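Beneath this line is the structure, given in structure tokens, with notes to follow.
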Amino acid sequence: MKKMTSDELRESYLKFFESKGHKIIPSASLIPENDPSVLFTTAGMHPLVPYLLGQKHPAGKRLCDVQKCVRTGDIDEVGDATHLTFFEMLGNWSLGDYFKEESIGFSYEFLTKVLEIPVEKIAVTVFAGDEDCPRDTFAASVWEKMGIAKDRIFYLPKKNNWWYAGPTGPCGSDTEIFIDTGKEPCGPDCSPADDCGKWGEIWNNVFMEFNRTADGKFEPLKQKNVDTGMGLERTVCMINGLSSAYETDLFADAIAKICELSGKKYGEDEQVTRAIRIIADHIRTATFMIGDERGVVPSNVDQGYVLRRLIRRAVRFARQIDCDPSKLTDIARIYIEKYRKIYPELGVNADKIVDEIAKEEERFSKTLENGLKEIEKVLKYVQGDMLNGKTAFRLYDTYGFPIEMTVEICREKGFGVDMDGYRKAFEEHQQKSHAGAEQKFKGGLADTSEMTTYLHTATHLLLGTLKKVLGRDDIQQKGSNITPERLRFDFNFERPLTEEEKKAVEDGVNDAIRRDIPVTCEEMTVEEARRQNAVGVFGSRYGEIVKVYTIGDVDKEICGGPHAEHTGQLGEFKIVKEQSSSAGVRRIKAVIDPSKAKK
Ligand code: SER
């Protein structure tokens with residue numbers, strides 16, 4: 001394999017595709033221009049949607065670029081070796097020009113000739129086929145012809161080998177490319193689908209030939225497109241034989257600075273390393289968000305709120321490792337210097353970046369200490385193991401603690417947060433302050449997209465089913481978090497679920513989906529809800545009248561909503577992870593696939 005720096009990889013990628021007739025186009029802004037459904041540009045194809053749908057692109061039919069991307073769905077996973085909130089995506093596109101054969105040919109040539117990756121280190125996945133689109137034996141045969149051994153070509157279902165940017169829009173089956181990390185296989189049938197660390201995904205070639213409509217149908221597009229995306233950070237990491245993107249040249253100077261400021265060493269202690277990574281990641285993302293050509297500043301709504309969360313979280317972790325938070329701007333300056341050649345807007349906006357990070361740090365540092373003391377104090381008096389929503393709201397309102405941070409701090413101390421109560425307090429406050437109907441509060445709170453609405457309903461089905469499968473009526477929600485990608489549900493239970501139990505829970509939820517049960521909502525007094533055995537946290541904070549959502553015989557809960565109208569809309573439910581959350585609390589992460597909904 002050819003060792004390369006990030007600059008060298010960007011350059012050789014663009015040069016290679018230029019030599020294959022592609023025009024290099026500049027990275028689009030991180031803030032999508034005409035798409036109110038998402039806060040940030042999440043993939044290289046995102047700004048190209050109109051052209052994938054058939055509009056003519058001024059630069060032609062073959063394009064390539066390096067696109068700035070932000071994905072914050074997994075923000076609380078940042079700190080491990082792999083998660084990042086900002087990344088760069090190398091991409092090449094055919095807009096109704098070449099299709100599978102050439103696309104696979106280009107990828108193979110780039111990987112084996114330019115990056116000099118030995119063919120035996122490559123594995124690929126292709127689409128296994130279903131009622132929407134046939135099995136991709138063609139892509140497999142092209143890979144084979146190139147020299148990929150048969151046992152390195154894996155057929156996987158839609159869950160793995162289909163790409164969509166959102167619930168509607170251009171999409172299609174894909175072929176994904178993985179590199180052997182050298183780790184032992186997880187079993188005799190080890191495949192990239194296992195996610196066991198043996199195979200590192202670096203490239204995704206999507207054969208975009210469908211448009212998914214609002215009613216879940218796959219209509220053929222006017223033209224067959226190719227959309228590929230290669231993660232720059234991952235690829236630099238992989239070709240240099242490193243185990244984490246944080247070890248690449250992209251982070252080297254910033255991490256050295258954090259170590260210098262804190263007097264700590266990267267890699268020596270797990271907690272310290274986690275904090276260093278969080279600071280390095282969050283300040284890099286903040287630098288790009290503020291420095292963007294359509295740059296944002298910290299605020300309480302939309303992109304500004306995500307930015308605020310990132311900076312405040314960086315401040316908290318900086319303090320944890322004795323890194324002076326007022327010096328976080330030094331780290332931002334390092335990123336500005338590192339990236340300004342590729343992204344000149346960072347140089348142009350350098351003062352603004354430093355200034356906004358400094359102001360936000362000051363605003364937050366002033367109240368942080370008092371807020372932390374306040375959390376300690378209230379947790380001492382909490383009855384049970386759940387912080388009430390009003391207090392969580394007060395921490396937000398008075399001390400500027402983003403709710404996610406309160407949840408994180410409480411979790412570290414073994415407590416959950418009553419999110420419904422928090423939402424209620426937040427809404428009451430908004431109504432009082434006449435904030436206006438268009439005031440949104442995204443980032444997992446009042447995000448009412450179709451996906452989050454359905455995941456909310458899935459969460460209710462999950463709770464009802466867990467009780468039934470585990471035969472325990474005392475199982476309760478201990479925490480819940482929903483992003484457009486997945487649900488996360490914490491509940492009281494003392495041991496890991498067995499494989500059989502997990503399967504039974506999955507089957508139970510899917511059974512409820514198949515039965516297409518209507519989701520009904522009634523308003524009633526707290527007393528009446530209690531009488532009807534609705535679950536949920538009872539207390540005056542709900543006020544006199546509450547909403548009770550009922551899903552047939554599966555679940556009845558006090559909840560603010562919104563929900564799916566009937567369970568069939570969820571399509572299919574799948575548990576992706578079951579793990580410990582804190583003592584006596586388990587955590588399930590699950591996904592749904594509304595595209596599977598029966599029409
Ligand atoms: N859109 C696909 C992805 O993001 C390929 O570019 O993976």
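Just so it is clear, the structure is predicted and the values come from calculations on it, not from any experiment. Hydrogens, waters and symmetry mates play no part in the numbers below; they use all other heavy atoms, side chains included. First listed ligand is number 1; within each ligand, the first listed atom is number 1.
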Centroid separation Tyr98 to His22 less than 6.0 Å = yes

Just which atoms of ligand 1 are under 4.0 Å from any heavy atom in [X]?
| X | value |
| --- | --- |
| Gly229 | 5 (C), 6 (O) |
| Arg71 | 4 (O) |
| Met45 | 1 (N) |
| Thr228 | 5 (C), 6 (O) |
| Ala43 | 4 (O) |

Validation row: Leu111, Met230 side chains within 4.5 angstrom (heavy atoms) = yes

Is any side-chain heavy atom of Pro170 less than 4.5 Å from a side-chain heavy atom of Asn225?
-> no

Specify whether Phe288 and Phe86 have parallel, tilted or perpendicular ring planes, treating 30° as the upper limit for parallel and 60° as the lower limit for perpendicular.
-> parallel

If the plane angle is over 60° it's perpendicular, under 30° parallel, otherwise tilted; pick one for Phe110 and Phe17.
-> tilted

Pairwise distance CD1(Ile403) to CD(Glu408) - rounded to 0.5 angstrom = 12.0 Å

What part of Asn205, side chain, backbone, both or neither, has a heavy atom within less than 4.0 angstrom of ligand 1?
-> neither

If you measure from each non-hydrogen atom of Val206 to ligand 1, which part falls under 4.0 Å: side chain, backbone, both or neither?
-> side chain

Could you check Val306 against Phe40 for side chain to side chain contact (heavy atoms under 4.5 Å, CB included), going step by step and ending with a plain yes or no?
-> CA-CA 10 Å; Val306 178; Phe40 297 102; 4.0 Å; yes

Hey, does His46 sit under 4.0 Å from ligand 1 if you only count heavy atoms?
-> no

Would you mind checking which non-hydrogen protein atom is closest to [atom], with the distance to 0.1 Å?
| atom | value |
| --- | --- |
| atom 4 (O) of ligand 1 | Trp163 CZ2, 3.1 Å |
| atom 7 (O) of ligand 1 | Asn204 ND2, 3.1 Å |
| atom 6 (O) of ligand 1 | Asp227 OD1, 2.9 Å |

Polar side-chain atom of Asn349 near backbone of Gly291 as donor-acceptor pair, under 3.5 Å = yes

